[in-house]
Engineer: 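My questions will all concern the structure given below.
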Amino acid sequence: MPTVLRIGPYEFYFWSNERQEPPHIHVERDEDEVKFWLGPVRLAANHGFRSHELRKIETLVIENEAYLKEQWD
């Protein structure tokens, strides 16, 4: 699970065996995790984050989308 970015309490990572799926990013804080598709950014799955924090994380994903796609490739 290569971590590609850390912002505050959030760890952004990919699973190395998920190449069969479209580009996406996992974001984790403590025990909570969310998955966003990249290009365009949209929520794929949420496990524990509340809506206000999801919006914050989504903004971080959008702001860093080019870098995250580059790391995916």
Side-chain angles (χ1 to χ4, degrees):
M1 140 175 125
T3 297
V4 294
L5 187 64
R6 287 183 194 271
I7 300 175
Y10 305 112
E11 179 180 0
F12 295 71
Y13 63 90
F14 303 113
W15 290 101
S16 59
N17 63 346
E18 291 186 317
R19 289 301 202 165
Q20 72 279 6
E21 292 189 24
H24 63 277
I25 190 71
H26 297 266
V27 184
E28 187 175 72
R29 180 194 45 76
D30 303 325
E31 298 298 317
D32 298 336
E33 181 194 0
V34 64
K35 176 178 172 180
F36 282 97
W37 301 118
L38 301 174
V41 173
R42 60 194 189 284
L43 180 65
N46 176 35
H47 303 285
F49 284 108
R50 294 175 154 228
S51 61
H52 72 280
E53 195 167 11
L54 276 176
R55 288 189 297 276
K56 180 179 180 178
I57 297 167
E58 181 177 27
T59 298
L60 293 172
V61 172
I62 291 168
E63 289 172 352
N64 293 280
E65 183 178 14
Y67 174 77
L68 295 169
K69 282 178 155 180
E70 181 181 299
Q71 296 304 304
W72 176 271
D73 292 335

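Note that these values count all heavy atoms, side chains included, but never hydrogens, waters or copies made by symmetry. Remember, predicted model here, so these are calculated numbers, not experimental data.
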Engineer: Between Phe12 and Val61, which heavy-atom pair has the shortest distance, and what is it?
Structural biologist: CE2-CG2, 3.9 Å
Engineer: Of all heavy-atom pairs between Phe14 and Val4, which one has the smallest distance, and what is that distance?
Structural biologist: CE1-CG1, 3.6 Å
Engineer: Does Thr59 have any side-chain hydrogen bond (donor to acceptor under 3.5 Å, both in side chains) partners at least two apart in sequence or in another chain, and if so, which?
Structural biologist: none
Engineer: Nearest 0.5 Å please: distance from the NE2 atom of His26 over to the CH2 atom of Trp15.
Structural biologist: 7.5 Å
Engineer: Give the minimum heavy-atom separation between Leu54 and Phe36, together with the two atoms involved.
Structural biologist: O-CZ, 4.1 Å
Engineer: So do the side chains of Ile7 and Asn64 get within less than 4.5 Å of each other, counting heavy atoms only?
Structural biologist: yes
Engineer: Please output the side-chain donor-acceptor pairs of residues 40-52 that fall under 3.5 Å, not counting sequence neighbours, one pair per line with the distance.
Structural biologist:
{"from": "Arg42", "atom 1": "NH1", "to": "Pro40", "atom 2": "O", "distance (Å)": "3.2"}
{"from": "Asn46", "atom 1": "OD1", "to": "Phe49", "atom 2": "N", "distance (Å)": "3.2"}
{"from": "Asn46", "atom 1": "ND2", "to": "Phe49", "atom 2": "O", "distance (Å)": "2.9"}

Engineer: Is there a donor-acceptor pair closer than 3.5 Å between any side-chain N or O of Glu65 and the backbone N or O of Leu38?
Structural biologist: no
Engineer: What distance do Glu63 atom CD and Leu68 atom CG have between them, rounded to the nearest 0.5 Å?
Structural biologist: 11.0 Å
Engineer: Nearest 0.5 angstrom please: Lys56 NZ to Glu53 CD, how far?
Structural biologist: 6.5 Å
Engineer: Please find the pair of heavy atoms, one from Trp72 and one from Glu21, that lie closest to each other, and give the distance.
Structural biologist: CZ2-O, 3.6 Å
